[in-house]
Amino acid sequence: MTLAVRPANSRDTEAAVKLVRRSITELCTADHRDDAATLDQWLANKTPENFRAWISDPDNFCVVAEDAGVVHGAGLLHRDGEIRLMYLAPGSQRQGTGRAIHAALETQARTWGLRMLFLDSTSLARSFYEALGYRATGEAKPRFGVLMCYPYEKPLQY
């Protein structure tokens with residue numbers, strides 16, 4: 001796979017939204033436990049309209065990872081330092097895609113002069129973020145239905 005990470009644009013909307021929704025539905029079953037109400041709440045804002053709004057907001061930096069025109073992952077960083085999206089397509093895990101997306105977000109964070117990144121991780125993704133240098137900052141908190149999220153942060157080195 002020859003992966004390219006680049007800023008998302010409106011042409012990516014359908015593929016990116018489909019990817020995010022499939023990632024949540026198919027890869028995050030340990031977190032949502034197939035609870036319909038949890039899935040409904042988690043997926044509620046993962047729409048084409050919202051994605052277009054997110055990528056057009058100058059306080060957001062959104063990237064997609066693609067190979068041969070196929071989107072394999074998406075990530076979004078807000079100017080306040082919060083990573084708000086980090087999703088991979090089913091079958092794209094453990095191939096460096098998540099690390100490549102994170103590297104692009106971290107580069108943008110430094111461009112903005114940020115000193116810290118933070119996020120809420122699902123249980124499933126905790127080891128991924130810990131491998132990237134994040135540290136837990138508190139107890140798990142409920143997000144949507146049965147979903148529990150774990151707060152993490154990572155200081156940026158310059």
Side-chain angles (χ1 to χ4, degrees), residues 1-9 11-55 60-78 81-109 117-154:
M1 180 164 42
T2 306
L3 194 68
V5 178
R6 61 168 176 75
N9 62 58
R11 291 182 307 277
D12 299 313
T13 300
E14 296 301 324
V17 169
K18 182 178 178 181
L19 171 150
V20 168
R21 293 178 68 86
R22 282 191 66 214
S23 182
I24 291 168
T25 303
E26 298 174 32
L27 299 180
C28 300
T29 55
D31 295 304
H32 60 65
R33 297 182 246 159
D34 288 323
D35 179 72
T38 298
L39 276 169
D40 286 347
Q41 290 174 55
W42 197 352
L43 296 171
N45 71 340
K46 311 307 187 285
T47 65
E49 297 77 21
N50 283 342
F51 188 81
R52 281 190 286 276
W54 295 335
I55 64 174
N60 290 333
F61 179 71
C62 185
V63 297
V64 294
E66 70 174 358
D67 175 46
V70 177
V71 177
H72 291 273
L76 186 143
L77 171 69
H78 188 266
E82 181 182 12
I83 293 180
R84 295 186 175 175
L85 292 176
M86 177 70 85
Y87 292 100
L88 301 181
S92 297
Q93 320 86 287
R94 303 190 198 311
Q95 297 177 30
T97 306
R99 285 184 177 272
I101 291 168
H102 185 269
L105 299 180
E106 196 168 301
T107 296
Q108 181 62 39
L117 293 177
F118 64 97
L119 54 87
D120 286 334
S121 176
T122 63
S123 181
L124 179 69
R126 292 178 75 188
S127 61
F128 169 74
Y129 291 117
E130 289 168 2
L132 292 174
Y134 284 82
R135 64 175 181 250
T137 60
E139 298 297 316
K141 54 189 173 203
R143 176 62 69 77
F144 307 119
V146 301
L147 178 67
M148 299 298 287
C149 289
Y150 301 80
Y152 276 85
E153 69 181 18
K154 178 182 180 178

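Along the sequence shown, residues carry numbers from 1. Any value given below was found using the heavy atoms of this structure, including those in side chains, with hydrogens, waters and symmetry copies removed.
- Scanning both residues, Val64 and Ala16, for their nearest heavy atoms gives CG1-CB, 4.5 Å.
- Considering every non-hydrogen atom in both Pro7 and Asp12, the closest pair reads O-OD2, 4.2 Å.
- Trp42 pairs by the side chain to side chain donor-acceptor pair (under 3.5 Å) definition with Tyr87, not counting sequence neighbours.
- When every heavy atom of Leu19 is checked against every heavy atom of Ala74, the shortest pair comes out as CD2-N, 4.1 Å.
- The side chain to side chain donor-acceptor pair (under 3.5 Å) test applied to Tyr152 returns Arg126, Glu130, not counting sequence neighbours.
- By the salt bridge (charged side-chain N to carboxylate O under 4.0 Å, His left out) test, Lys154 is found to be paired with Glu106, residues two or more places apart in sequence or in another chain being considered.
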Solution key, residues 136-145 side-chain donor-acceptor pairs under 3.5 Å, sequence neighbours excluded:
{"from": "Thr137", "atom 1": "OG1", "to": "Pro151", "atom 2": "O", "distance (Å)": "3.4"}
{"from": "Lys141", "atom 1": "NZ", "to": "Asp120", "atom 2": "OD1", "distance (Å)": "3.4"}
{"from": "Arg143", "atom 1": "NH2", "to": "Asp120", "atom 2": "OD2", "distance (Å)": "2.5"}

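- Considering only residues two or more places apart in sequence or on other chains, His102 meets the ring-ring contact (aromatic ring centres under 6.0 Å, His included) condition with Tyr134.
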side-chain contact (heavy atoms from CB on, under 4.5 Å) between Leu147 and Thr122: does it pass, once the steps are laid out?
CA-CA 8 Å; Leu147 178 67; Thr122 63; 4.1 Å; yes
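- Between Leu76 and Ile83 there is no side-chain heavy-atom pair separated by less than 4.5 Å.
- Between the side chain of Ser23 and the main chain of Leu88, a donor-acceptor pair closer than 3.5 Å is present.
- Of the inter-residue distances, the one linking Arg84 atom CZ with Leu105 atom CG reads 12.5 Å to the nearest 0.5 angstrom.
- What you find for Val5 and Ile101 is that their closest heavy atoms are CG2-N, 4.2 Å.
- Scored by the side chain to side chain contact (heavy atoms under 4.5 Å, CB included) test, Ala109 finds Leu77, Leu114, Leu117, Leu156 as partners (sequence neighbours excluded).
- Taken from OG in Ser121 to OH in Tyr129, the straight-line distance is 6.0 Å, to the nearest 0.5 Å.
- Closest non-hydrogen pair, Phe61 versus Ala104, comes out as CE2-O, 3.7 Å.
- By the 4.5 Å heavy-atom criterion applied to side chains, Trp54 and Leu85 are counted as neighbours.
- Between Ala65 and Leu3 the shortest heavy-atom distance is CB-CD1, 3.8 Å.
- Judged as a salt bridge (charged side-chain N to carboxylate O under 4.0 Å, His left out), and not counting sequence neighbours, Glu14 has no contacts.
- The closest side-chain heavy-atom distance from Arg6 to Val63 is not below 4.5 Å.
- Among residues at least two apart or in separate chains, salt bridge (charged side-chain N to carboxylate O under 4.0 Å, His left out) pairs with a member in residues 20-43 are Arg22-Glu26.
- A distance-only check finds a donor-acceptor pair linking the side chain of His32 to the backbone of Ile24 [under 3.5 Å].
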Checklist entry - Are Arg99 and Leu132 close enough, and set up right, to give a side-chain contact (heavy atoms from CB on, under 4.5 Å), and what steps lead you there? => result CA-CA 8 Å; Arg99 285 184 177 272; Leu132 292 174; 3.4 Å; yes
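- Rounded to the nearest 0.5 Å, atoms CZ (Arg52) and CG (Asn9) are 12.0 Å apart.
- The side chain to side chain donor-acceptor pair (under 3.5 Å) test applied to Asn60 returns no partner, not counting sequence neighbours.
- Residues Pro48 and Asn50 have side chains not in contact (no heavy-atom distance under 4.5 Å, counting atoms from C-beta outward).
- Residues passing the salt bridge (charged side-chain N to carboxylate O under 4.0 Å, His left out) test with Glu153, sequence neighbours excluded: Arg135.
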